[in-house]
Number of protein chains: 2
Amino acid sequence: MSGLSRFLSVLRCFTEAKANWTVPELAEAIVVPASTVYRTVRELVAQGFLEPSTEAHYRLGSAFIEFDRMIRLTDPLVKVGSPLLRDLVAEVRHPCVAVLARLYGDRVICAADERYDGAELPTSYERGRPMPLTRGATSKTILSQLPGRRLKRLLADADADAPAKLSGELAAIRKRGHCITRGEVDKGLVGIAVPVSNAELAISASLSLVVSDATLDERLERRLVLLLVSAADLLSQALRRLA
Amino acid sequence: MSGLSRFLSVLRCFTEAKANWTVPELAEAIVVPASTVYRTVRELVAQGFLEPSTEAHYRLGSAFIEFDRMIRLTDPLVKVGSPLLRDLVAEVRHPCVAVLARLYGDRVICAADERYDGAELPTSYERGRPMPLTRGATSKTILSQLPGRRLKRLLADADADAPAKLSGELAAIRKRGHCITRGEVDKGLVGIAVPVSNAELAISASLSLVVSDATLDERLERRLVLLLVSAADLLSQALRRLA
DNA sequence: CAATAAATTATCAAAAAACGAGAATTTGAT
DNA sequence: ATCAAATTCTCGTTTTTTGATAATTTATTG
């Protein structure tokens, strides 16, 4: 282990299931001598990525909150997209969650979200949560925009026969301009997504709405697609202005 | 330069003023050979802390969004405090910003905030923004809770004669249980803060309200102090339940 | 599609830092 | 003050990082 990965192997231990670690616990988990982990943890604490918690335990530190703010302030997709999600959800006037997502390594991450006021949809999509690459309208719509070589490499790593399974569907998304999937990510929920891209800023993302399958009729579906397309258009324009 | 600081010297370049960097620019800014910075940037990109942007430029990466989510899900102060801020602001029924802040190295950082619906207060306090250690009710209230030795060391690094200037004021906060400052951070704004602490979780924080000086009369001030004290009490109880 | 410029990665020997086992020290709770 | 646990320190050894340069890849433009 070396360089950054030495630190990440520690940071990645901090999960929702176990958010508090002692040094000996960390040492055992990542199979590294305690004296080394003490040194690593000391550096992480010094930089604010970890902080002391209950005696001898550590938790994630506020540096992440600081850098997250910097992203909210400077990332074009987040900065331009967040207010737009608010408007979109208001126009929808129906329980839903709006999501702006982008590629994140070999997964997709939600970079901004907005819930319709009071909507209690049990959706997996929430800001900062990595999601599967090949399931759901949000992810597939992102994949549909990737250049061939990049897509191929990505899918090869994910799943040997993914390219074959997906290529038809991705072509359909490119043709139709949107993607609708039912229950692929969360049972009983429908995802409707449209592409958002800006080559200059190296952004290929998707804008999507998640609604309950039960409350979605054809008429509403058509309306949501139209709203999404128009919102994505505004977003793309705003991004072009930034570039 | 070595270890983590090598990576941080790159990440700290990404600011609101300049959020996009090329490798040669970074190399010049931190005075390190380009070939070294290329390697450093590559590692940061691989871990998601940077991502490619406009041709040959880089911006902060989504890993920060991911870790920030983990903090929102697991940090006791943020997790318990956020819903409480919402309730507090609703009860205030007056333009204000509620802030939950904690110590962050030699500064104070806002870990959660909530604006009264539609309030346009031009306050500096916002989630993730580091603030000065010795100015404003929010910071002073945190300082007032620190053990003597820690406080001394902290103030010595900040300002040679800070201990003398502040000790009286901090004692007063400990006695009264709250702190009110006018225009110390933002002109025309008043900060009202109460301590939030839990020794078991190693939390010493403050809960505060920022309101416009012009709209604050004595009667309102008393009400806000009472609301804060009661909210802080609820928060402390909830934290004790977690510990 | 070739030509060109720019960005990025690879190479490799010298220099520096990390490693890890154990000792020494600090810290925190009685 | 005492004790146990946590943390830092020490230091020879091993491993990585470093940085100048060369090689390669990538993107652009005629």
Side-chain angles (χ1 to χ4, degrees), chain A residues 1-11 13 20-47 49-59 61 146-154 197-204 243, chain B residues 1-11 20-47 49-59 61 145-154 197-204 243:
Chain A
M1 189 132 13
S2 79
L4 241 201
S5 63
R6 176 162 60 99
F7 298 99
L8 264 293
S9 67
V10 168
L11 291 176
C13 290
N20 267 274
W21 291 77
T22 67
V23 171
E25 282 169 355
L26 287 167
E28 193 187 350
I30 64 180
V31 197
V32 167
S35 64
T36 299
V37 177
Y38 270 111
R39 218 174 326 150
T40 306
V41 166
R42 200 188 323 163
E43 282 196 75
L44 287 167
V45 170
Q47 301 286 358
F49 291 114
L50 287 181
E51 57 186 41
S53 146
T54 330
E55 36 181 306
H57 284 71
Y58 294 87
R59 60 174 165 246
L146 294 181
R149 283 183 62 251
R150 179 106 188 269
L151 178 64
K152 211 168 162 185
R153 205 182 328 143
L154 205 54
S197 74
N198 183 299
E200 283 217 60
L201 296 173
I203 288 173
S204 63
Chain B
M1 193 134 8
S2 78
L4 240 202
S5 62
R6 176 162 62 99
F7 298 98
L8 264 293
S9 67
V10 168
L11 291 176
N20 267 274
W21 292 78
T22 67
V23 171
E25 283 170 355
L26 286 167
E28 192 188 348
I30 63 179
V31 198
V32 167
S35 63
T36 300
V37 177
Y38 270 111
R39 221 171 325 149
T40 306
V41 166
R42 197 185 334 164
E43 282 195 75
L44 287 168
V45 170
Q47 300 288 356
F49 291 115
L50 287 181
E51 58 186 40
S53 148
T54 330
E55 38 180 304
H57 284 70
Y58 295 87
R59 58 173 167 247
Q145 302 173 76
L146 295 180
R149 281 182 64 252
R150 179 107 187 268
L151 179 64
K152 213 168 162 183
R153 206 182 326 143
L154 204 54
S197 74
N198 183 300
E200 283 217 61
L201 297 173
I203 288 174
S204 63

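The chains referred to below are lettered A, B, ... by the order of the sequence lines, with proteins before strands, and numbering in each begins at 1.
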Nucleotide [N], atom [atom2] - distance to [atom1] of [X] in whole Å:
X: Arg42(B); N: dT16(D); atom1: CZ; atom2: C1'; value: 14 Å
X: Leu26(B); N: dT8(C); atom1: CG; atom2: C1'; value: 14 Å
X: Arg6(B); N: dG19(D); atom1: CZ; atom2: P; value: 10 Å
X: Arg39(A); N: dG20(C); atom1: CZ; atom2: P; value: 8 Å
X: Glu25(A); N: dT7(D); atom1: CD; atom2: C1'; value: 16 Å
X: Trp21(A); N: dT7(D); atom1: CH2; atom2: P; value: 15 Å
X: Asn20(A); N: dA6(D); atom1: CG; atom2: C1'; value: 16 Å
X: Arg153(B); N: dT26(C); atom1: CZ; atom2: P; value: 13 Å

Side chains of [X] and [Y], heavy atoms from C-beta outward: is any pair under 4.5 Å?
X: Thr40(B); Y: Arg6(B); result: yes
X: Pro24(B); Y: Tyr38(B); result: yes
X: Glu43(B); Y: Phe7(B); result: yes
X: Phe49(A); Y: Leu8(B); result: yes
X: Trp21(A); Y: Cys13(A); result: yes
X: Asn20(B); Y: Tyr58(B); result: no
X: Ser204(A); Y: Leu146(A); result: yes

Under 4.0 Å: is that the gap between some side-chain N or O of [X] and OP1 or OP2 of [N]?
X: Ser2(B); N: dA18(C); value: yes
X: Ser35(A); N: dA21(C); value: no
X: Arg150(B); N: dT27(C); value: no

All N/O contacts under 3.5 Å from nucleotides 1-7 of chain C to the protein, with atom names and distances to one decimal?
none

